[in-house]
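For reference, the structure discussed in these notes is given below.
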Amino acid sequence: MPKYLDFEKPIIGLKEKIEELKTLNTDRGGGLEDEIEKLKVRLSKVREEIFSNLTSWEQVELARHPNRPYTNDYIKYIFKDWVELHGDRRFADDPSIVAGIGKLNGISFVVVGHEKGRKTKEKIRRNFGMPHPEGYRKALRVMKLGSKFKLPIVTFIDTPGAYPGIGAEERGQALAIAENIKEIAMIPVPIIVIITGEGGSGGALAIGIGDRIYMQKYAVYSVISPEGCASIIWRDQKYKKEATEALKITAKDLKKFNIIDDIIMEPGGGAHSNHKEAANLVGEAVMKAYNELKDIPADELIQKRSEKFSKMGFFKEL
Amino acid sequence: MVDASDLKSGGGFLRVGSSPTSGNEYFNIGEKMKWFQKRKGIEKESKKREIPDGVWVKCDSCGEILYRKEIEKNLMVCPKCNYHFQINSSLYKKILLDEGTFEEEDDNLRTLDPLNFKNYKKKLKEAMTKTSLNECIISGQAKIYGRDIEICIMDFSFIGGSMGSVVGEKVKRAIYRASDLNLPLVIVSASGGARMHEGILSLMQMAKTATALNKLETPFISILTHPTTAGVLASYASLGDIIIAEPGALIGFAGPRVIKQTIKKELPEGFQRAEFLLEHGLIDLVVSRKDLRDTVNTLLMHLC
């Protein structure tokens with residue numbers, strides 16, 4: 001059974017009804033086509049209605065939707081001749097970050113992304129997409145292959161955050177993130193960053209430096225989780241909805257603050273309702289960005305990238 | 001972002017000292033109360049003890065009752081157990097820099113409230129009144145034993161030393177100045193991390209500062225004081241050519257409380273303290289406050 005969110009119930013209900021009618025129609029040998037068509041129209045109206053009035057918190061729920069496509073799904077649909085590469089050559093291979101090389105439109109891309117894992121066992125193996133320092137070090141190592149062999153880079157961001165654990169601290173979680181930010185800024189090939197789900201603070205930013213930063217329509221990107229913010233500001237996690245509004249973490253918010261360059265549309269009903277279509281839209285965005293970036297000389301690319309981040313923020317000068 | 005309750009002696013993000021205290025130039029208002037909070041360990045303890053105002057101070061670590069004048073003379077370090085009391089940026093100026101040489105830059109930058117975040121304006125106003133600072137960092141040029149340096153000093157008593165747009169901008173500009181003027185850079189950090197009240201803009205200050213460091217070819221000495229955590233540690237504070245920490249300082253990415261909740265286990269003794277990081281090869285040196293100036297000077301002599 002696919003899981004669904006509370007606000008999706010009317011959509012799921014209609015979908016089930018349509019399926020029932022379709023079965024009945026086949027059994028009867030036809031006659032219900034008009035009825036089915038009516039329901040389909042109603043479904044798209046209801047979906048439109050629901051999705052055009054989502055609260056920020058509902059968008060968080062979509063970003064965390066258990067059926068939302070993950071990095072491995074995007075890789076499967078977008079990249080051909082995919083080869084996954086493993087390990088940071090220092091300590092371990094961290095399965096919460098996937099890295100490798102694949103082809104899109106005849107161009108080989110280095111691809112790096114968080115991977116949450118689909119089923120329980122896989123989620124545990126992938127630590128729910130929360131990397132340790134070795135994950136970030138693997139990401140940087142593989143991105144540097146891009147720099148050496150002149151391959152453009154795509155990163156997919158979808159993490160609750162960097163893992164807060166003893167081993168992570170012992171091996172320098174903060175250091176790994178800091179070094180990634182600094183060094184990725186200097187990689188002399190186009191870097192396209194796509195926030196596909198949860199952009200969880202520093203754990204996201206560690207692979208979030210690039211020349212184009214795109215966000216899927218229902219992805220979120222935040223300095224702290226709504227729950228974390230609620231427990232600090234409101235002293236209770238149950239104020240997570242208020243915290244979500246206050247933090248301004250939706251794609252629309254981030255576009256307004258000039259943190260992201262563009263918003264990638266999602267299929268009606270969200271990326272989880274149609275992985276393939278979601279992936280197509282992401283693939284198109286990657287190619288659009290690549291075509292904008294491919295002819296920029298490396299020096300200029302790096303300089304513009306640094307300038308991009310150096311301008312972020314709001315303050316007043318007296 | 002690390003929750004204030006993890007950061008023992010700090011004013012934190014929310015706990016703002018309520019009653020103004022007077023008569024101590026090294027502490028910001030409200031700081032006195034924190035002397036009675038135990039810094040060691042993770043659990044909160046804030047028993048107020050009946051000690052005459054400001055004459056005697058009980059060491060948070062060894063429990064020794066100390067004459068206030070005596071520990072002031074000792075740079076706010078317990079003479080019995082070397083416990084380092086948390087101090088403000090104005091005392092670090094005195095400890096590190098040649099007297100009267102600090103020339104502040106960028107003190108005209110002011111924090112805005114771009115998210116219109118709950119109580120942020122009020123919080124800023126309170127912090128400004130409490131500390132007489134505009135933000136949780138001061139930056140500019142100064143001298144150490146006659147040598148010109150670019151310096152930034154953070155102040156934990158101003159909204160937990162949290163990094164928003166102004167902190168990021170000041171650090172970036174200090175990096176650029178150090179680069180343009182060919183000066184070594186020293187940053188004294190004390191921070192709970194990125195400032196939640198400016199949301200994603202605060203997160204991007206990590207990117208702003210860490211990427212700016214690619215420009216710098218002069219030596220950068222990063223000094224980590226209690227506490228240096230989360231977004232500040234995961235950006236410029238970890239990127240020094242040399243990283244020095246004060247004894248006993250809490251230094252980590254995630255707060256101990258969050259880690260404890262996540263792994264559902266007790267944390268090892270001394271976890272995330274300066275000495276723990278030294279042992280794990282993450283920092284160069286643990287240096288007592290009284291030796292800080294000489295150590296920085298010697299390092300700069302070698303590197304410049």
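Computed over heavy atoms, backbone and side chain alike; hydrogens, waters and symmetry mates excluded. Numbers restart at 1 for each chain; the letters A, B, ... are given by sequence-line order, proteins then strands.
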Item checked: Region of A:Ile249 that comes under 4.5 Å of a non-hydrogen atom in chain B -> neither
Margin query: Quick check for you: to the nearest 0.5 Å, what is the distance between B:His280 atom NE2 and A:Leu175 atom CG?
Written below: 13.5 Å
Item checked: Interatomic spacing from CE in B:Met204 to CG in A:Asn258 - rounded to 0.5 Å -> 12.0 Å
Note to self: Are B:Met206 and A:Phe309 packed together at the side-chain level, in the sense that at least one heavy-atom pair is separated by less than 4.5 angstrom?
What the structure shows: no
Item checked: Heavy atoms of other groups near B:Tyr176 OH, more than 12 under 6.0 Å -> yes
Next item on the list: Give a yes or no answer on whether the side chain of B:Ser165 reaches the backbone of A:Gly313 with a donor-acceptor pair at less than 3.5 Å.
Entry: no
Next item on the list: Determine the minimum heavy-atom distance between A:Gly165 and B:Phe271, stating which atoms define it.
Entry: O-CZ, 4.4 Å
Margin query: On a heavy-atom basis, which atom in A:Phe314 and which in B:Glu198 lie closest, and how many Å separate them?
Written below: O-OE1, 4.4 Å
Check: For B:Asn108, does its backbone N or O pair with a side-chain atom of A:Glu317 as donor and acceptor, under 3.5 Å?
Finding: no
Check: To the nearest 0.5 Å, what is the distance between OG1 (B:Thr209) and CD1 (A:Ile181)?
Finding: 7.5 Å
Notebook entry, point to check: Would you call B:Thr211 and A:Ser310 a side-chain contact if the rule is heavy atoms closer than 4.5 Å?
Noted result: no
Notebook entry, point to check: Any donor and acceptor pair, going by atom type alone, linking the side chain of A:Lys248 with main-chain N or O of B:Leu115 inside 3.5 Å?
Noted result: yes
Check: So do the side chains of A:Lys316 and B:Leu109 get within less than 4.5 Å of each other, counting heavy atoms only?
Finding: no
Check: Would you say the side chain of B:Phe117 lies within less than 4.5 Å of the side chain of A:Ile233, judging by non-hydrogen atoms?
Finding: yes
Notebook entry, point to check: So does A:Lys241 have more than 12 non-hydrogen atoms from other groups sitting under 6.0 Å from NZ?
Noted result: no
Notebook entry, point to check: In this structure, are over 12 heavy atoms from other groups packed under 6.0 Å from A:Lys217 atom NZ?
Noted result: no
Item checked: Options A:Ser306, A:Ala246, A:Ala185, ranked by heavy-atom pairs under 4.5 Å with chain B, top entry -> A:Ala246
Check: At a heavy-atom separation under 4.5 Å, does B:Tyr120 approach chain A through its side chain, its backbone, both, or neither?
Finding: neither
Item checked: Inter-residue atom distance B:Lys118.NZ - A:Glu245.CD, 0.5 Å rounding -> 14.0 Å
Check: Closest heavy-atom contact between A:Ser222 and B:Ile200?
Finding: N-CD1, 4.0 Å
Item checked: chain B contact via A:Arg171 - side chain, backbone, both or neither, heavy atoms under 4.5 Å -> backbone
Notebook entry, point to check: How about B:Arg110 and A:Phe315: do any of their side-chain heavy atoms sit closer than 4.5 Å?
Noted result: no
Note to self: Side chains of A:Ser201 and B:Leu203, heavy atoms from C-beta outward: is any pair under 4.5 Å?
What the structure shows: yes
Checklist line | Heavy-atom pairs under 4.5 Å with chain B, option from A:Gly202, A:Cys229, A:Ala204 with the top count | finding: A:Cys229
Notebook entry, point to check: Of the backbone (N, CA, C, O) and the side chain (C-beta and beyond), which part of A:Leu205 lies under 4.5 Å from a heavy atom of chain B, both, or neither?
Noted result: side chain
Check: Checking heavy atoms, do the side chain of B:Tyr236, its backbone, both or neither come under 4.5 Å from chain A?
Finding: neither
Margin query: Does any part of the side chain of A:Met312, heavy atoms only, come nearer than 4.5 Å to the side chain of B:Leu201, both counted from C-beta?
Written below: no
Item checked: Atom group of A:Ile259 that falls short of 4.5 Å from chain B, counting heavy atoms -> side chain
Notebook entry, point to check: Side chains of B:Ser238 and A:Glu179: does their closest heavy-atom pair fall under 4.5 Å?
Noted result: no
Notebook entry, point to check: Has A:Lys150 got more than 12 heavy atoms of other residues, nucleotides or ligands less than 6.0 Å from its NZ?
Noted result: yes
Item checked: Over all atoms of both residues, closest heavy-atom pair of B:Thr262 and A:Pro164 -> OG1-CG, 3.6 Å
Check: Where do B:Leu282 and A:Gly172 come nearest, in terms of heavy atoms and distance?
Finding: CD2-CA, 3.6 Å
Check: Which bit of A:Ile184 is near chain B, if near means a heavy-atom gap under 4.5 Å: side chain, backbone, both or neither?
Finding: neither
Check: Would you find more than 12 non-hydrogen atoms of other residues, nucleotides or ligands less than 6.0 Å from B:Lys121 atom NZ?
Finding: yes
Margin query: If you compare all heavy atoms of B:Ser202 against all heavy atoms of A:Val223, which two are closest, and at what distance to 0.1 Å?
Written below: CB-CG2, 4.4 Å
Notebook entry, point to check: Take atom CD in A:Glu300; do more than 12 heavy atoms of anything else shown fall under 6.0 Å from it?
Noted result: yes
Next item on the list: Could you tell me which residues in residues 212-224 of chain B have at least one non-hydrogen atom under 4.5 Å from a non-hydrogen atom of chain A, sorted by residue number?
Entry: B:Leu213, B:Asn214
Next item on the list: Give, as side chain, backbone, both or neither, the part of A:Ala168 having an atom under 4.5 angstrom from any heavy atom of chain B.
Entry: neither
